[in-house]
Amino acid sequence: MKEDYTPTIGLEIHAELNTNTKMFCKCKNDPHQKKPNVNICPVCMAHPGTLPVINKQAVKHVLKVGKATGGKLAMDFTEFDRKNYFYPDIPKGYQISQYKYPLVSGGSLVGVDVTRIHLEEDTARSQHDDAGHSFVDFNRGGLPLMELVTEPVIDSAEIAGKFARELQLLLRYLGASEANMEKGQMRVEANISVSKTKKFGTKVEVKNLNSFKSVERAIEHEIVRQIEVLESGGEIVQETRGWDENKQETFSQRKKESSDEYRYFPDPDLPKLVIKEIEDMQEDVLEKEFPELPWEKRARYKKDYDLKDEDNDAFVQDTKLAGFFEDMAENLDNDKELIKTGVNYLASDLVSLIKAKGWKDENITPVYFADIIKLVNDKKLSSRGAKDLIIVTYNEGMLSNDPEKDAEVKGLLQKSDEGELKKIVEKILKEHASVVDDYKNGKESALQFLVGQGMKATKGSANPQILKKLFEEATKGS
Ligand code: ADP
Ligand code: ZN
Ligand code: MG
């Protein structure tokens, strides 16, 4: 039975780090370079007689990720090793990585234990054309690459997805990596096994996952597949599987090499690092350079504004939107009720405009946006009017610094002028005599209809409360 099995998942996540130059040479670290083999030099092309030099910026990024996740930083000793294997995308015949002494050991994120975080160099990019030719672009070869490995303690696709998403956020907050999965800047490999007993089952590693959704679906698929194999009397073989996005299933790629086939040994060309002797890598220095971390921001928003989780997450995800939100909140004098209204317009109206047109923050300031919310609260602007004002302002910019004035110019202010509205009410009463009779005979919904007609006639600019009052008064007397 499916229910008898417990899934176990461990993740291995690579991230290309944000640095000016490559990991061991002075070539530019430019992930946007489209022209192949531009950012190369004798060092990253493995010419004899060249020597690698450690990129300190990359080391610092990894130490910061380790510090933020509560890991133990290798202050006393850390070194780089050669991982030997032959493939066209590694010109040296080995990849420089870390084996026994990684930069970071332990730590945790979203409750998942981290085993280690180490630093290595990225491989080049292979391309194959339809005619059977293969090409190698070395622009990516030698870029600084962080690898984080988790303990096998994850028991669902959901938690695996949560871990990967939170790591992406952390990398972005720290400025360590763009961590875009679609662009391959962050790559997640999932190790999956299932077991009926306390002993772990044989694990399978799934690669080529280039979105969070694929990570989750591949894990779900693999759990079901493994249970089916075992239930039908088969055995799980330790192997690497790929993910077929079209078929939404995993497929066998190759049998897994074990680590001793890589014949790791310390790279004699590189110095051992004693981090405690490098002034700007001390733990207090690293921490001083931290921004507010994602989980800290989340907790602060929860405490200060009591936001819905969904809105809170949207702001934590997007630091620019979060900045706009905070400025708006300040201009609403941190009034919780006003902020709730503001968040509604921000999360629905402004966010859909940003999604459709990109950020045009010069067109609408948070102060102006906050003032719109105040107009809604003072019933000077209807909900429709506010939405319209946000749309035109986002597209065309603010006419002045005063949304009340602008709304008036654009005819969006709520009409509360009873004299003007009375004329409209009378006209509607004449046009809908039978509805008026219904209302007089006790049909409450008829009044809603009449108010609706009034809103329509004023293109949404009337104050519905006042309209309702006027209809009630006009039908009472007769
Ligand atoms: P290998 O030597 O095959 O690379 P590791 O012990 O280094 O294996 O683990 C690699 C990854 O696989 C880690 O993320 C680890 O948590 C995970 N892992 C190890 N054993 C299992 C298992 N039985 N089921 C699922 N994941 C596992
Ligand atoms: Zn180079
Ligand atoms: Mg391993």
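Numbers here are sequence positions counted from 1.
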**Prompt:** Between Asp313 and Arg298, is the closest basic N to carboxylate O distance under 4.0 Å?
**Reply:** yes
**Item:** Check: Gln226/Glu222 side-chain N/O donor and acceptor closer than 3.5 Å
**Value:** yes
**Request:** Verify the neighbour count for atom CG of Asn401: are there more than 12 heavy atoms of other residues, nucleotides or ligands below 6.0 Å?
**Result:** no
**Asked** Near Glu330 CD, under 6.0 Å, is it more than 12 heavy atoms from other residues, nucleotides or ligands?
**Response** no
**Asked** Is there a donor-acceptor contact under 3.5 Å from the side chain of Ser195 to the main chain of Phe200?
**Response** no
**Asked** Would one find more than 12 heavy atoms of other residues, nucleotides or ligands at under 6.0 Å from atom NZ of Lys405?
**Response** no
**Donor + acceptor pair across side chains of Asp137, Gln127 (<3.5 Å)** = no
**Item:** NZ/NE/NH1/NH2 to OD/OE distance under 4.0 Å, Asp388 and Lys410
**Value:** no
**Item:** Interatomic spacing from OH in Tyr345 to CZ in Phe369 - rounded to 0.5 Å
**Value:** 9.0 Å
**Asked** Going through the checks in order, is the side chain to side chain contact (heavy atoms under 4.5 Å, CB included) test met by His221 and Gln248?
**Response** CA-CA 8 Å; His221 175 270; Gln248 295 279 301; over 6 Å; no
**Asked** Do other residues, nucleotides or ligands put more than 12 heavy atoms under 6.0 Å from the NZ atom of Lys320?
**Response** yes
**Asked** Around Glu158, counting heavy atoms of other residues, nucleotides and ligands shown, do more than 12 lie under 6.0 Å from its CD?
**Response** no
**Request:** Considering only NZ, NE, NH1 and NH2 on the basic side and carboxylate oxygens on the acidic side, decide whether Glu147 and Arg116 come within less than 4.0 Å.
**Result:** no
**Item:** Gap separating the CD1 atom of Ile354 from the CG atom of Leu346, nearest 0.5 angstrom
**Value:** 7.0 Å
**Item:** Arg187/Asp122 salt bridge by N-O under 4.0 Å criterion
**Value:** yes
**Request:** Show your working on side chain to side chain contact (heavy atoms under 4.5 Å, CB included) between Leu321 and Trp359 and close with a plain yes or no.
**Result:** CA-CA 9 Å; Leu321 190 64; Trp359 264 103; 4.0 Å; yes
**Item:** Working for side chain to side chain contact (heavy atoms under 4.5 Å, CB included), residues Leu103 and His118
**Value:** CA-CA 5 Å; Leu103 277 166; His118 71 251; 5.7 Å; no
**Prompt:** Below 4.0 angstrom, N of the basic side chain to O of the carboxylate: do Arg300 and Glu326 qualify?
**Reply:** yes
**Prompt:** Taking 4.0 angstrom as the limit, do Lys302 and Asp309 come out as a salt bridge?
**Reply:** yes
**Message:** Using the rule given for side chain to side chain contact (heavy atoms under 4.5 Å, CB included), can you reason through Leu170 versus Trp295, listing the C-alpha separation, both sets of side-chain angles and the distance that settles it, and then say yes or no?
**Reply:** CA-CA 9 Å; Leu170 177 63; Trp295 48 89; 3.8 Å; yes
**Message:** Looking only at the side chains, is there a donor atom on one of Thr115 and Glu151 sitting less than 3.5 Å from an acceptor on the other?
**Reply:** yes
**Prompt:** Side-chain donor-acceptor pair under 3.5 Å between Ser177 and Gln185, yes or no?
**Reply:** no
**Asked** Can Glu404 and Lys374 be counted as an ion pair, charged N to O under 4.0 angstrom?
**Response** no
**Request:** Count the heavy atoms belonging to other residues, nucleotides or ligands that lie under 6.0 Å from CD of Glu408, then report whether that count exceeds 12.
**Result:** no
**Prompt:** Any chance CD of Glu279 has more than 12 other-residue heavy atoms, nucleotides or ligands included, within less than 6.0 Å?
**Reply:** no
**Request:** Go through Lys64 and Glu289 one step at a time and tell me if the salt bridge (charged side-chain N to carboxylate O under 4.0 Å, His left out) criterion holds.
**Result:** CA-CA 9 Å; Lys64 279 188 183 176; Glu289 291 175 11; 2.9 Å; yes
**Message:** Can you confirm whether the side chains of Tyr305 and Asp311 place a donor and an acceptor under 3.5 Å from each other?
**Reply:** no
**Asked** Heavy-atom count around Lys469 NZ within 6.0 Å, excluding the residue itself: above 12?
**Response** yes
**Request:** State which residue, out of Leu450, Thr475, Leu467, Ile466, fulfils the side chain to side chain contact (heavy atoms under 4.5 Å, CB included) condition with Val425.
**Result:** Leu467
**Message:** Using 30° and 60° as the class boundaries, would you call the ring planes of Phe315 and Phe325 parallel, tilted or perpendicular?
**Reply:** parallel
**Item:** Residues Glu283, Lys67: salt bridge by 4.0 Å N-O rule
**Value:** yes
**Request:** Quick one: do Arg165 and Glu216 satisfy salt bridge (charged side-chain N to carboxylate O under 4.0 Å, His left out)? Show the steps, please.
**Result:** CA-CA 11 Å; Arg165 284 185 174 87; Glu216 289 157 348; 2.6 Å; yes
